[in-house]
Asks: 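One structure coming up, written as structure tokens, with questions to follow.
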Amino acid sequence: MSKNLKRNLVAYGLVLPAFLVVMLTVAYPIVLAVIQSFQDSKTGEFTLDNYTYFFTEPAQLKNILYTLYVCLMTVAIAIVVAYLLALYLRFVRSKIAKTIGTLYLVPRFVPAMCAVYAMITIIRDSGLINRIGLVFGHDVKLGLMYHANGMIMMNLWFNIPFAALMITAGLGAIPDSIIEGARDVGASKFKVFTSMILPLSIKDVVVAATFVFMSNVGSFTTPYLMGGSAPKMLGIALFDQFNKYLAYNRSAALSVIMFLICSVSAGVYIYTNLKENEWEK
Amino acid sequence: MKRRLLTMILSAVMLAACLTGCGGKAGDSGNSGDAGSGGKKAVSLWATGSDNVREIFEALVSDFNTNSEYAGQYEVTLQFMLSGTGAQTLADMLAAASKAGQTNTDYDIVDLSGDDLSKLVSLIGQEQFVKLDSSKIPNAASVEAKSSIATDYCQPYRGTTVILAYDSAKVPTPPATMDELVAWMKANPGRFAYNTPGTGGAGDSFARSSVYNFLPEEAFTSDDEKWIGEWDEGFNFLKEIHPYIYSSGGSVVYPNKNQGTLDLLNQGEIDMCPNWADMVLSQRASGEIKDSIKITQIDPALTGSLQSLVIPTFGSNTDGAYAFMNYMLSPAAQELMVKQMAAIPLIDASSMDMTGYEDLQGLDVSNFRLQSIGGLSTSFNERWDSEIATIG
């Protein structure tokens, strides 16, 4: 046996367990789900009904649009806030910046369930804010519970630290010397930002955005505890189809729809990565 | 050498196979006990449910074996099946034993929920249970609650039901009928809520009762698809009360889970909601919710269920089973069940210590309204989700 072949075999042997696990637990169920989503629940024959249901039933169509709205709003706000935070942490050297730099990751260590309940006790119509308001004679009803805004707020709690972490890492990779060089030849702060910092960090911003988007499309805990009865996030709609209506074929179709929504963002992610490789050449 | 080892291993395997083959049959009369006073001493009690049910049964069995009037005469052992863990449910096991024509098994006495009882009656028929001799259960004389199925063949011993939970500080006189409740809702918009059906039994009960109040009583225990066509009037009723349900941020909200509405009630965001009697009372007793929260039943009642004991004819200790049945209706046993699970006692509670659970005495247990619409519940929830939840 040649040395090369041996080395190849060892390499494949090392990859094989991981490969098999992924095939068995990820690829195989996905294939099954896709097949099931095109089958009639009673006869098992080919049908598109499971898909048309989600795009023709008004309540279901609303669920899809609602999910997109919540996710896109979360992404937009989280990225803007996280970017500003990351810029501050990168370029301001003060005690406050240092403290924020250590504290901003704390939400990542709070279990999701605890965080959601904590938020509920504060923002619900009879929550902390309402009670403080009552002391001063104002009956403050935020109306955030059971509505999109409350959920977006909760998502921001989870996603801003995450996005900021990624973007900070990107900004950290920009050497001070470039910026100092640009300043030396007379570039304004704004010019430095638009033509150096932004282009150099945009890739991390896009990557953070795709991750935030994907993690929110299928979220369950937050919408289950804070969402209203209708419209619903797709995670809850899927739970309903599967657990409440026992409509397994429709559940499969909805899973595929969610998968496709996520793959748009996954596509953006891959495109950005490839583009950078091109630029690096 | 190698061959000898192989022979040894093989014979060991075969021996093990033989032993498991003989001993594996559940329900065989394994434990004969001693026949001291002419009757058999050992009694096997079969029950199923979640872990809190196991705890209460362990307490009851140990009390029966050591403190009751039957101590020393009978020795009950508990055979508990944690729900959702066995491949076969207790009801399936009983049906199988009966259909296989087994006799003299150790299914001496069995605890069954209303659902399991109706399932068994339809599978094997009520004659597979001993027709109860009331002279052997003297404590049952004061029990008014009757099971609607297999009435003479089972002995109800505790119940629970969905009731109307309300904040007595804000509602001094709660509604007594559904009509009064609706009038109250209209007079106090936004102060009532029920949880999304499919996320908890209280919301299920309220929504289904509301719809089935317009249908003949028999429909409520039927899974015949013909009733789906008659839901319209009930759903119109649910649409009619929709604007008066709790709202937040400008739109009506149905919280998820029984606890969702109970939290709103406890926080003072609503004054009334349907919920489980045992859930409300045990949380009040432990201080999780306010003391001012009380319970009441409306007419027509929200639905509940009775838990019953049966003695299979293919068991082996009928007298012991009767003794345990009688014990379960003794004040001591009933008090234990009230204290540990806020169960509704079925005997006269005046001789019992009901501290903290006084509300249970006010509930009329003679008229438990049962519901079992089987597979129709999925269509029901789907229709509710698409017609009621989406009104906004």
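To find a chain, count down the sequence lines: A is the first, B the second, and so on, and within it residues start at 1.
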Asks: Is any side-chain N of the basic residue among Glu382(B) and Arg250(A) closer than 4.0 Å to the acidic one's carboxylate O?
Replies: yes

Asks: Considering residues, nucleotides and ligands other than Phe242(A), do more than 12 of their heavy atoms fall under 6.0 Å from its CZ?
Replies: no

Asks: Can you tell which of Ala247(A), Pro231(A), Ser229(A) has the highest number of heavy-atom pairs within less than 4.5 Å of chain B?
Replies: Ser229(A)

Asks: Please confirm whether the backbone N or O of Gly268(B) pairs with a side-chain atom of Ser126(A), one donor and one acceptor, at under 3.5 Å?
Replies: no

Asks: Between Ala389(B), Pro255(B), Gly260(B), which residue shows the highest count of heavy-atom pairs closer than 4.5 Å to chain A?
Replies: Ala389(B)

Asks: Any chance NZ of Lys62(A) has more than 12 other-residue heavy atoms, nucleotides or ligands included, within less than 6.0 Å?
Replies: no

Asks: Given a strict heavy-atom distance threshold of 4.5 Å, which part of Ser251(B) is in contact with chain A: side chain, backbone, both, or neither?
Replies: both

Asks: Surrounding NZ of Lys141(A) (heavy atoms of other residues, nucleotides or ligands, distance under 6.0 Å), is the total greater than 12?
Replies: yes

Asks: Please flag which part of Leu264(B) lies under 4.5 Å from any non-hydrogen atom of chain A: side chain, backbone, both or neither.
Replies: both

Asks: Calculate, to the nearest 0.5 Å, the distance between atoms CG and OH belonging to Asn256(B) and Tyr146(A) respectively.
Replies: 8.5 Å

Asks: Would you say that more than 12 heavy atoms from the other residues, nucleotides or ligands in this model lie under 6.0 Å from the CZ of Phe46(A), or not?
Replies: yes

Asks: What distance separates Leu225(A) CG from Gln259(B) CD, expressed to the nearest 0.5 Å?
Replies: 11.5 Å

Asks: When you measure from the side chain of His147(A) to the backbone of Ser248(B), do you find a donor-acceptor pair of N or O atoms at a distance under 3.5 Å?
Replies: yes

Asks: Do you know which of Thr196(B), Asp385(B), Thr199(B), Thr378(B) makes side chain to side chain donor-acceptor pair (under 3.5 Å) with Lys244(A)?
Replies: Asp385(B)

Asks: Using 0.5 Å steps for rounding, measure from the OH atom of Tyr245(A) to the OG atom of Ser377(B).
Replies: 12.0 Å

Asks: Give, for atom CG of Asn63(A) and atom OG1 of Thr390(B), the distance between the pair rounded to the nearest 0.5 Å.
Replies: 10.0 Å

Asks: Is Asp240(A) close to chain B through its backbone or its side chain, or both, or neither, when contacts mean heavy atoms under 4.5 Å?
Replies: side chain

Asks: Once rounded to the nearest 0.5 Å, what's the spacing between atom CG of Asp263(B) and atom OG1 of Thr121(A)?
Replies: 11.0 Å

Asks: Is it true that atom OH of Tyr51(A) has more than 12 heavy atoms of other residues, nucleotides or ligands lying nearer than 6.0 Å?
Replies: yes

